[in-house]
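Input: a single structure, listed below in structure tokens.
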Amino acid sequence: MYDTLIQMLDATVRVSAPLILAALAGLFSERAGIVDISLEGKILGSAFAAAAASAVFGSAWIGLVFGIIASVALALIHGFACITHRGDHIVSGVAINTIVAGMTVTLGLHWFHLGGQTPALSGDQRFLAITLPFAHAMQDVPVIGQIYSNLISGHNILVYLAFIMVPVTYWIVYKTRFGLRLRAVGENPHAVDTAGISVTWLRYRAVMVCGVLCGVAGAYLSTAHNAGFLKNMSAGQGYMALAALIFGKWRPVPVMFACLLFGFLNAVAVRLQGVIIPGLGEVPVQAIESLPYVLTILLLAGFIGKAVGPKAVGRPYVKERA
Amino acid sequence: MNQAKVPVWVNIALIPLLNITLAFVISGLVIYAIGQNPIEAAGYMIYGAFGYSEGIGYTLYYATNFIFTGLAVCVAFKAGLFNIGGEGQAYIGGLGVGLVCLALDHTMPFIVIAPLAIIGAAVFGAAWAYVPAYLQARRGSHIVITTIMFNFIASSLMVYLMVNWLKGTQNMSLNSRTFEHSAWMPYLHTLLSPLGIDIGDSPVNLSFFWALLCCFGVWLLVWHTRWGYQLRTLGTNPTAAKYAGIDTAKVTIWVMMVSGALAGFVGLNEIMGVNHSLLLNFAAGYGFTGIAVALMGRNHPIGIFLAAILFGALYQGGAEVSFDMPQITPDIVVVVQGLVILFSGALEHMFKDRIEGFFIRRAAAAQEK
Amino acid sequence: MINTTIPYAIELRDISKRFGAVQANKDICLQVPKGSIHGIIGENGAGKSTLMSIIYGFYEADTGHIEVDGEIVNIRTSQDAIKAGIGMVHQHFMLVENFTVLENVMLGAEGGALLRKGVSKARTELKRLASQYSLDIDVDAIVEELPVGLQQRVEILKALYRGARILILDEPTGVLTPQEADHLFRILHSLKEKGVTVLLITHKLREILASTDNVSVMRQGEMVAHRETSKTNKEELAELMVGKKVRLTVNKEEAEPGKVVLSAKHLSQFDSQGVKRLKDVSLELRAGEILGIAGVSGNGQSELLNVLSGITVMSEGEIHFAGDVISATVPKTAAQVRDMGMAHVPEDRHKMGLVTGFEAYESAVLGYHNSPVYNGKFLMNRKVMLDECSTRMAAWDVRPPNPYLKTANFSGGNQQKIVIAREVEQNPDVLLIGQPTRGVDIGAIENIHEQIVSLRDAGKAILLVSVELDEIMALSDRILVMFDGAVVGELDAKDANERVLGLMMANSYSDDPRGEPA
Amino acid sequence: ATDKPAVVYDQAGKYDKSFNEGVYNGVLKYEKDTGQKIREFEPKNEAQVEQGLRRLAQRGYSPIIAVGYSMSAATEKVAKDFPNIHFSIIDSVIKLPNVQSIVFKEQEGSFLVGALAAMKSKTNTVGFIGAIDVPLIRKFSCGYKQGVKYIAPKDKVIVNFVGSTGAAFSNPTQGSELAKSQFSQGADVIFAAAGGTGIGVYQAAADAGKYAIGVDSDQNYLHPGVMLTSMVKRVDQAAYNVYKSAAAGGWKPGVVTLGLADNGVTWALDKYNQKLITPEMKAKMKAIRKDIIDGKIKVHDYSVDNSCNM
Ligand SMILES: Nc1ncnc2c1ncn2[C@@H]1O[C@H](COP(=O)(O)OP(=O)(O)OP(=O)(O)O)[C@@H](O)[C@H]1O
Ligand SMILES: Nc1ncnc2c1ncn2[C@@H]1O[C@H](COP(=O)(O)OP(=O)(O)OP(=O)(O)O)[C@@H](O)[C@H]1O
Ligand SMILES: [Mg+2]
Ligand SMILES: [Mg+2]
């Protein structure tokens, strides 16, 4: 039982890591007032670029760099549309998601002739699990031994990065000048502008940070959690990250917990498949699959209350007031 | 005030044309980059979408779906709600249509089935939107999250129902049995051929006219009824809505249900119009694309109709290109679609501000003289 | 008139600015001596705010240039303006509402990449400013929880914190009580003594005459006159502004109160945080009288209006109106209350009274959209709505009289006329009216006041909420004063004067003549 | 009819690493062998399936191979409209005079790999991961279970499905999570019938040092030493044969059922997994195969009664 729990939590950590990265990415963007439905596209684009570069150059780190570059480039397109040209944030996001979905496969086919996939990655082309010091030694210590050696140790570096990014994000958002301005520009860009700060440049920086984090999330998918790129492999994670962002009310720590919750519910659903409930017989697998979504909705309706986003989110900044 | 000085044709023709052109130029570069001839591709694309009656039929058939989902997004958006759940609502709406057809096709004529199927689509689509709407209105649950979740749940529900209850017996295929002809939405070509008009075999069917009717209906409903007045007030200024004594929760719920019903009509076109049986995955992203359609159409039925035709043409033209130029894979067509959304949707202001500014300045200069 | 050898604190030369087809500013020249308070007046839409926004670098002028201390400065962004020592308090506050005072003040002047160092510096500096100019404030309070008067104080602190030597205030007193306004002017004077130059936009000629050294008048985008304040008077300024003679007092007969049409008993209201905002308020409103509610804004007046009009449900108490009893257990919606014959001009036209995205004729039926007059069997009758709107626009002198124009594109004064016309023309038994002339120029004020009085004379009951004591005193027949959610005093209009009311509003008045300030 | 061969893949596309790709390989081989170009079409949605078939038929292509059960409704419709065109549909049965239906006895192949899994398993627990819980996949899992039980009646078979949307076929992340979950429950061999999702399953097996079984095409090469075998469904052969027989004028309508006997399904043994298979295992497999072909072992077909009661 305890073992199972540890394993489920372990799975939770693995599945949540990219969600956390992407949700924090969304946090930077939306705190600055830019709605980002293109998290999905950025993850996918970065997953492709990272896997492709890693396959070509033989290093996961180079892959990561390329993943980030690709994702930031997409973020800049989003910024160009939403910030510079006051375009609709959602339309821009849908556009980016669509372009990436097609472009990754097109380029993949063109470059690798593997039906849009990248070659399978191995060895240095991937981020492999890291065993933390004393993990083996601790193995047999009751309770915490398991937690340390099986749950905390044995993940790849990007997982640790994802979790470290939570306090880092908190610190940036609440303790730095950039964070103060970031929060301000999503609430009232006019106030930022009249304070002598460029709204445009500030928002661009925010979407670039968003791009970097999505880049890491994408690289995680294709070079850490998996070993190569497969078309549409982001499989809706960007949308789940967005949901987690709203769930966590645009605050770093609650957002992390929302991601962990999604990850955990997923792990639970995986375990529950095929379970036979006395009296009811086997629960249909589809019911189990929906469980995470249903539970999320119930939690949302029961406890979370109203989620109010940054006031100016989604609204293009025009100097004259509306 | 500004708009008054800009000739109408600039806004409705020149600027959209420039945007689309730019989208196609960039698409051309992409196609060129992978070693194909963009001019040839464009030729196939345009010919495929508009060049002959059957192609036009396909364009209209796709457009039908986009009109429904676009209107669904639009109605909710006008009330300040972002209905990202069109996909699931369309799916479940189709279930409603399918159930009506399966239940009645042996016993009832088309005249009876058609209105019941419309009601079925509307009721099921609306029901699927009701829960998120209720939770938003009464519990403050964010509608974006709940509708995303409901999309997933709809897929699971449909697989469950199809596999365990609705699957036809004949083979592995996950279709229900094929409906009797009484439950087929007539194709336009079958309707027109007795009149001696041959428009080729395309799936465009009566649902297209229902979509047009819905455009008109939405226009009336949103802009010309007090209910529409209330929802627009809610969408633009919720405080004013309270002041005006509008029951915002009630309006929210009803708006979402209308939105869900509209999305549900996709089922009419797909299930009753084309597939003639209940099956999986027929919603195929129409719900999501509806978001782009609605926003590109400026959330107005006429705009949505035009945007839907554009997307219908992209789908159909795209299929034709990959048919005739196999190196142009469907994925490239997806890229082209994305670029069109980007340039004529998200970057619509890129030329607009400059061009409008030019005309305003010219008008002002003329005035001064 | 002014010694030309001393450089001006700020000098504008031939500033022009065009928005699309609108020439908002045309060849504006202005000279403001150092260390003076300079007033700028003009009708709604005259171009005052635009001009100030240009000085502050928020808009860029099409032509012309700006000199500060005799030197041409190139102000293209607010940052340039701040560097040139210019600070601005905007008409609509530029505050991040869910930030603390401290965070708002620091925004843009954080003093380093990390906040920590800047925070302690800002605290000391704010303390110093607070004592120097008596600008006391709790720096850790969340801005949206502060009353407007204090929010404005934050704006001033923001400017001073950045070392502004030229301070622009755009309609600063629109939302203040007389005491708060007095306090503001005291602050402005002490700023002036420290050598700060103040540019002040206001619609209140009284304030111009009392506090400024010079005054400039704008009309339709142009500077039409400059005067030394000591050498002009209300009447002249009003005429310069509007271009015609303006009557500045309200003519009204003695009231003839009839029977009680509305009585509220022990109304209380808790907000969503559970704070009691309205405390046991009882009042009676008679036909043919204007009952004024005086009070510093944020003392329960808004809650009172909302409860009376059915927008929010009271937590305790009941209202007797039109033969019905409305209570927490038997509430009535705003729509029902309206049907029973109550009209309501809300305090905030942008947030409540109008839908700025609608065309004017649509905003003109807000709240009455269900009325059979505007509705056919299924559809709304646009023709009726348009015709009626045009008629009303003509009757109320709404400019431009175009029912198709977007509501947002009317100036504040004209928007207000649309709202008041809508409510008054319903011929209600009871009219609740909040801040009827906030931000409205004097020409329009005259019109609005006349309408309110004539409605009373027609036997209607009017509840007037205003923070303008002049307005309360000029219009009311009876005055209630609210403080901290409760009614703290009632006066006959004849007994009211500014001092008494002001003290009651601060809850420091006692009937005992010796114990004056409590 | 004139010989203008064509193929319409299903929506997973011809590079799905399993089923469609199998057909694609057959197409490639035929093109290479004969030098004749085969017209291919990849639809993006339901409507384009029918559109593609119809367009090919109009232009006189014949025979046209329709790949996958999801195309049966469309194929039936188009085939009725073009009685002179020959259609071959894979994985579905359509009773029309111009349609050839090619179905496979997946249960037999699955039985074989199930038996092998049971022989290899040291934990007496094996896993199955399917993309979506639909009858075709159940046919795989049912055969697999029978194979396992045949060798080791007490062995546990853990069955998981990926999801209910099309993404279930291309979600390696979820595939790897499901695999890890099964490993942690004791499984040491997993058979994945889940298209591209399988890639995640195999990777997880490689990372965990366990075994996986590929599907449709021979996937042993993906992870030598990890891939225990693949349940090969010779769609490539089937497609090749359709074109070849058509070229020779021997194309015939009706149902073609391909099982172990016809080498339509089989288990893959090649240089990549040689080392994993002991001679005894190999011999046993041979025997089982023979018994199935001879009818000594009856493998229950899920699709007969929509149940897996063995
Ligand atoms: N952002 C804008 N876009 C277009 N036109 C504008 C804009 N701002 C102002 N204008 C135009 O400039 C004119 C001057 O507006 P401004 O806001 O400066 O008036 P004001 O004198 O401040 O009025 P008020 O007394 O109501 O505050 C207006 O009549 C309007 O037509
Ligand atoms: N976006 C805009 N486009 C065109 N004109 C505008 C716009 N915004 C404001 N204006 C114009 O600016 C002028 C002043 O408007 P503004 O809202 O500043 O009035 P105001 O009296 O200052 O409002 P308030 O009293 O509510 O503060 C109006 O004449 C209006 O027509
Ligand atoms: Mg102004
Ligand atoms: Mg004003």
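Per chain, numbering begins at 1; letters A, B, ... match sequence-line order.
Cation-pi geometry between Arg39(D) and Phe323(B) is met: the NZ or CZ atom falls under 6.0 Å from the ring centre, inside 45° of the normal. Geometrically, Lys139(D) does not engage Tyr302(D) in a cation-pi contact defined by less than 6.0 Å to the ring centre and at most 45° from the axis.
At a 4.5 Å heavy-atom cutoff, Asn269(B) makes no contact with chain D through either its backbone or its side chain. For Tyr160(B), no part sits under 4.5 Å from any heavy atom of chain D, backbone or side chain. Interface residue Tyr286(B): only side-chain heavy atoms are found under 4.5 Å from chain D. Neither the backbone nor the side chain of Leu157(B) comes within contact range of chain D; no heavy atom of the residue lies under 4.5 Å from a heavy atom of that chain. Neither the backbone nor the side chain of Val333(B) comes within less than 4.5 Å of any heavy atom in chain D. With a 4.5 Å cut-off on non-hydrogen atoms, Pro330(B) touches chain D through its backbone and its side chain both. Heavy atoms closer than 4.5 Å to chain B are found in the side chain of Lys77(D), but not in its backbone. There is no contact between Asn151(B) and chain D, counting heavy-atom distances below 4.5 Å. Interface remark: Gln58(D) contributes side-chain atoms only to the contact with chain B (heavy atom separation under 4.5 Å).
A donor-acceptor pair shorter than 3.5 Å can be found between the side chains of Ser207(B) and Asn205(B). Between the side chains of Gln11(D) and Asn45(D), no donor N or O sits under 3.5 Å from an acceptor N or O.
For Arg59(D) and Asp324(B), the salt-bridge test passes: some basic side-chain N is under 4.0 Å from an acidic carboxylate O.
Counting heavy-atom pairs under 4.5 Å between each of Glu50(D), Met71(D), Glu40(D), Arg54(D) and chain B puts Arg54(D) at the top. The greatest number of non-hydrogen atom pairs below 4.5 Å with chain D, out of Phe152(B), Tyr52(B), Phe282(B), is found for Tyr52(B).
Separation of the Tyr144(D) and Phe111(D) ring centroids does not fall under the 6.0 Å cut-off.
Aromatic ring orientation, Tyr30(D) versus Tyr243(D): tilted (interplanar angle from 30° to 60°).
Taking all atoms of both residues into account, the shortest heavy-atom contact from Phe50(B) to Ala313(B) is CZ-CB, 3.5 Å.
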